[in-house]
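Just below is one structure, and these are the notes that go with it.
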Protein chains: 2
Amino acid sequence: MHTSVTEENYLKAIFALSNGNLQAANNQQIADKLSINPASVSDMLRKLSERGLIAYHRKTGALLSEEGMQVAAKTIRKHRLWETFLVQQLNFTWDEVHEVAEQLEHIDSEKLIQEMDKLLGYPKFDPHGDPIPDGNGQLPKYHPIALSNAGIQKIYILCGITNHSSAFLQFLDTFSLGIGSTVQITGFQPFDRSMSVLLNQTTSTVFSFTVCSNLLVMQ
Amino acid sequence: MHTSVTEENYLKAIFALSNGNLQAANNQQIADKLSINPASVSDMLRKLSERGLIAYHRKTGALLSEEGMQVAAKTIRKHRLWETFLVQQLNFTWDEVHEVAEQLEHIDSEKLIQEMDKLLGYPKFDPHGDPIPDGNGQLPKYHPIALSNAGIQKIYILCGITNHSSAFLQFLDTFSLGIGSTVQITGFQPFDRSMSVLLNQTTSTVFSFTVCSNLLVMQ
DNA sequence: TTTAAAATTTAGGCAAACCTAAATTTTAAA
DNA sequence: TTTAAAATTTAGGTTTGCCTAAATTTTAAA
Ligand SMILES: [Mn+2]
Ligand SMILES: [Mn+2]
Ligand SMILES: [Mn+2]
Ligand SMILES: [Mn+2]
């Protein structure tokens with residue numbers, strides 16, 4: 001079945017809001033995420049429901065159907081592969097790729113995705129550490145925790161972020177902190193929950209609780 | 001000024017039909033080329049004219065304005081760079097690239113084009129031998145002739161084609177004939193204007209006049 | 001030069017996606 | 001439990017880009 005760019009964007013938004021298809025996304029959340037009027041969202045949710053791409057219940061909200069999930073996963077797969085391509089092959093920085101990937105993710109060509117995947121070496125994660133769904137829509141399993149919940153003195157590897165704004169990405173750049181960097185908590189201030197951290201075994205600094213809660217790490 | 005995908009496609013069509021902006025493209029030609037109803041073309045030509053992208057006169061037809069030419073050239077530049085990328089980097093064959101490039105040519109990112117151009121080594125011609133406009137919309141100058149107008153016994157290099165159909169491309173593939181191949185006319189049949197040709201200094205065969213008139217060559 | 005064919009435009013509509021304003025329904029506070 | 005606030009839907013519109021059918025205009029044949 002053919003899905004329009006708009007439909008793909010709705011399905012992506014619903015996926016992102018549903019936390020692995022566990023909690024239904026409601027009208028307002030979708031409207032906010034897509035910067036679209038709630039009235040328009042009502043229209044589209046009815047349409048997506050009629051097409052069998054979501055299950056929609058007035059009160060609870062929208063959940064992706066099996067088919068809707070496939071479309072969403074495929075779109076996200078393309079988005080993240082393109083971001084990886086832009087960084088790996090075209091000298092983009094991680095704060096420059098998202099907008100272009102928003103356009104590229106809607107290009108329709110099986111061969112293009114497959115060859116791109118091969119060219120990039122079948123990457124499992126994109127430049128922001130986000131997992132790339134495989135050809136069947138399956139996400140690699142990994143269970144990072146927020147640095148704000150991490151243990152003191154242990155050495156962690158930064159493997160993701162929960163804030164993708166340019167401001168945050170550029171903030172991390174100023175510390176040469178990127179996916180794969182090591183982070184060690186060396187101290188904690190109960191007053192404002194800020195943390196002293198050692199970055200890449202070399203740089204000592206203090207991060208606010210907000211910053212720490214946006215950093216995903218694994219041991 | 002922002003131009004829609006549809007507008008870009010109209011401008012490309014007008015460019016292609018105007019033979020270097022020399023002859024105005026008329027309604028019917030555009031309708032045919034885009035597989036759109038002439039009535040719809042009338043609408044769009046009025047709109048493009050109001051936006052200053054074309055000069056339109058009821059009788060003669062449409063000619064690109066300076067600005068329209070820039071948009072058309074940029075779109076064609078992107079199309080041909082993408083085709084080159086698909087063949088050079090992603091193992092596409094020359095008969096597989098056009099459809100995908102029709103989508104990719106509308107992606108809007110200056111950096112993407114520039115980096116792609118660099119990655120590919122600033123190519124001057126695409127996989128079909130078509131010239132790639134530079135960043136200012138200028139086409140490389142070259143003056144190929146149709147093989148059907150070429151001289152006997154001289155050795156020519158195939159540098160372009162005037163028929164881009166899959167059927168024709170695959171026909172050429174069966175002779176291992178591609179851009180850069182050599183072609184030598186070894187004989188001529190006045191009866192049906194068919195030509196005996198020596199391909200790549202190795203293969204002798206006979207091509208119809210139709211085939212020869214679709215092959216562009218240079219010495 | 002008349003007349004018929006061909007090309008083009010006008011008129012009236014449709015579908016996709018969006019919007020605002022006005023209901024209506026849900027949720028939550030009092 | 002009533003009532004007010006918040007969320008959602010309905011109603012009525014707009015824009016873009018397309019279509020068909022019916023003019024109208026151009027071109028070309030007779
Ligand atoms: Mn992104
Ligand atoms: Mn990403
Ligand atoms: Mn092409
Ligand atoms: Mn080409």
Side-chain angles (χ1 to χ4, degrees), chain A residues 1-18 23-64 68 71-72 75 102-103 105-108, chain B residues 1-18 23-64 68 71-72 75 102-103 105-108:
Chain A
M1 190 215 287
H2 174 260
T3 45
S4 71
V5 167
T6 304
E7 287 169 333
E8 289 174 2
N9 284 336
Y10 270 86
L11 295 175
K12 258 201 327 167
I14 293 166
F15 177 83
L17 292 167
S18 72
Q23 30 196 126
N26 63 35
N27 185 307
Q28 191 135 73
Q29 292 173 308
I30 298 167
D32 283 355
K33 173 148 278 226
L34 297 175
S35 300
I36 283 171
N37 191 289
S40 310
V41 173
S42 286
D43 279 354
M44 183 58 80
L45 293 183
R46 185 171 33 66
K47 192 175 128 189
L48 291 173
S49 180
E50 280 166 6
R51 292 217 189 176
L53 292 165
I54 64 171
Y56 186 60
H57 302 288
R58 32 185 106 281
K59 285 196 203 174
T60 51
L63 270 182
L64 296 179
V71 175
T75 308
E102 283 290 307
Q103 299 179 60
E105 70 189 5
H106 304 292
I107 301 294
D108 180 28
Chain B
M1 190 216 287
H2 174 259
T3 45
S4 71
V5 167
T6 304
E7 288 169 333
E8 289 174 2
N9 284 336
Y10 271 87
L11 295 175
K12 257 201 327 168
I14 293 166
F15 177 82
L17 292 166
S18 72
Q23 30 198 127
N26 63 37
N27 186 306
Q28 192 136 71
Q29 292 173 308
I30 298 167
D32 283 355
K33 173 149 277 224
L34 297 175
S35 299
I36 284 171
N37 190 289
S40 310
V41 174
S42 286
D43 280 352
M44 184 57 81
L45 292 184
R46 184 170 33 66
K47 192 175 128 190
L48 291 172
S49 179
E50 279 165 8
R51 292 217 190 176
L53 292 164
I54 64 170
Y56 185 60
H57 302 288
R58 31 185 105 279
K59 284 196 204 176
T60 52
L63 270 182
L64 297 179
V71 175
T75 308
E102 283 291 307
Q103 298 179 61
E105 71 188 4
H106 303 292
I107 301 294
D108 181 27

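Here is how names work: the chains are called A, B, and so on, in the same order as the sequence lines, proteins then strands, and each is numbered from 1.
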>> With no hydrogens and no angle check, just 3.5 Å: does a side-chain donor-acceptor pair link Glu8(A) and Thr3(A)?
In response: yes
>> With side-chain contact (heavy atoms from CB on, under 4.5 Å) as the criterion, how do Ile107(A) and His106(B) come out once you've worked through the C-alpha distance, each side chain's angles and the decisive distance to 0.1 Å?
In response: CA-CA 10 Å; Ile107(A) 301 294; His106(B) 303 292; over 6 Å; no
Counting side-chain heavy atoms from CB outward, which of [options] is closest to [X]?
| X | options | result |
| --- | --- | --- |
| Ala39(B) | dA17(C), dA7(C), dT10(C) | dT10(C) |
| Ile36(B) | dT8(C), dT8(D), dC18(D) | dC18(D) |
| Ser4(A) | dA17(C), dC18(C), dT8(D) | dA17(C) |

>> Set out, in order, the CA-CA distance, both residues' side-chain angles and the distance that settles side-chain contact (heavy atoms from CB on, under 4.5 Å) for Ile54(A) and Leu11(A), then state yes or no.
In response: CA-CA 8 Å; Ile54(A) 64 171; Leu11(A) 295 175; 3.9 Å; yes
Can a side chain N or O of [X] be found less than 4.0 Å away from OP1 or OP2 on [N]?
| X | N | value |
| --- | --- | --- |
| Ser40(A) | dC19(C) | yes |
| Tyr56(B) | dT9(C) | yes |
| Tyr10(B) | dT16(D) | no |
| Thr6(A) | dA16(C) | no |
| Asn26(B) | dA7(C) | no |

> Which atom pair, heavy atoms only, marks the closest approach of Leu63(B) to Ser18(B)?
Replying inline: CD2-CB, 4.5 Å
Return the value, rounded to whole Å, for the distance between atom [atom1] of [X] and atom [atom2] of [N].
| X | N | atom1 | atom2 | result |
| --- | --- | --- | --- | --- |
| Leu34(B) | dC18(D) | CG | P | 8 Å |
| Asn27(A) | dT26(C) | CG | P | 14 Å |
| Ile30(A) | dT8(D) | CD1 | P | 9 Å |
| Lys59(A) | dA28(C) | NZ | P | 11 Å |
| Asn37(A) | dA16(C) | CG | P | 20 Å |
| Arg58(A) | dT9(D) | CZ | P | 7 Å |
| Leu48(A) | dA17(C) | CG | C1' | 12 Å |
| Asp43(A) | dA11(D) | CG | P | 11 Å |

Going by purine N1 to pyrimidine N3 plus the second Watson-Crick contact, or the G-U wobble pair, all under 3.5 Å, which nucleotide sits opposite [N]?
| N | value |
| --- | --- |
| dA4(D) | dT27(C) |
| dT20(D) | dA11(C) |
| dG13(D) | dC18(C) |

> Between Lys12(A) and Lys33(A), does a side-chain contact (heavy atoms from CB on, under 4.5 Å) hold up when you go through it step by step?
Replying inline: CA-CA 10 Å; Lys12(A) 258 201 327 167; Lys33(A) 173 148 278 226; over 6 Å; no
> Taking the nucleotide of DNA chain C with the closest heavy atom to each, which residue, Val41(B) or Arg51(A), is nearer the 5' end?
Replying inline: Val41(B)
